[in-house]
J.: 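Following this message is one structure expressed as structure tokens.
None of the values given here were measured: they were computed from a predicted structure. What's counted below: heavy atoms across the whole structure, side chains too, no hydrogens, waters or symmetry copies.
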Amino acid sequence: MSEIQSGKELCDQFFEALTNREDINQKMVALLKNLYSEGKLTGENILEGLKALRMETEDAAESQT
């Protein structure tokens with residue numbers, strides 16, 4: 001029988017696996033991993049972080065034109 005993993009172990013593996021995914025924006029992965037490691041992974045914090053990333057992307061696009 002295999003070892004039963006804790007919820008924390010499963011979450012740690014999940015967030016580490018996101019790092020290896022090429023089909024997911026790595027800035028978004030970093031945001032989620034940081035929120036998780038800081039114990040701040042809430043819907044509100046995710047939305048605020050995504051909003052900041054979107055604004056950063058829009059600002060970068062505007063500065064290139």
J.: Can you tell me how far the NZ atom of Lys27 sits from the CG atom of Leu31, to the nearest 0.5 Å?
T.: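 Going from the NZ atom of Lys27 to the CG atom of Leu31 covers 11.5 Å.
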J.: Run the side chain to side chain donor-acceptor pair (under 3.5 Å) check on Thr42 and Asn45 step by step: do they pass?
T.: CA-CA 5 Å; Thr42 65; Asn45 288 339; 3.3 Å; yes
J.: Is the shortest heavy-atom distance from the side chain of Phe15 to the side chain of Leu41 under 4.5 Å?
T.: yes
J.: Quick one: pull up CE in Met28 and CD1 in Ile46 and give me the separation to the nearest 0.5 Å.
T.: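 The distance works out to 10.5 Å.
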J.: Drop me the distance from Leu35's CG to Glu48's CD, to the nearest 0.5 angstrom.
T.: 11.0 Å
J.: How many angstroms lie between atom CG of Asp59 and atom CD of Gln64, to the nearest 0.5 angstrom?
T.: 11.5 Å
J.: More than 12 non-hydrogen atoms from neighbouring residues, nucleotides or ligands closer than 6.0 Å to CD on Glu38, yes or no?
T.: yes
J.: So if I apply the side-chain contact (heavy atoms from CB on, under 4.5 Å) rule between Lys33 and each of Thr19, Asp12, Leu18, which one comes out positive?
T.: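 The option that passes is Thr19.
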J.: To the nearest 0.5 Å, what is the distance between CZ (Arg54) and CG (Leu47)?
T.: 9.0 Å
J.: Tell me whether Glu22 contacts the main-chain N or O of Asn20 through its side chain, where contact means a donor paired with an acceptor under 3.5 Å.
T.: no
J.: Please round to the nearest 0.5 Å and tell me the distance separating atom CD of Gln5 and atom SG of Cys11.
T.: 10.5 Å
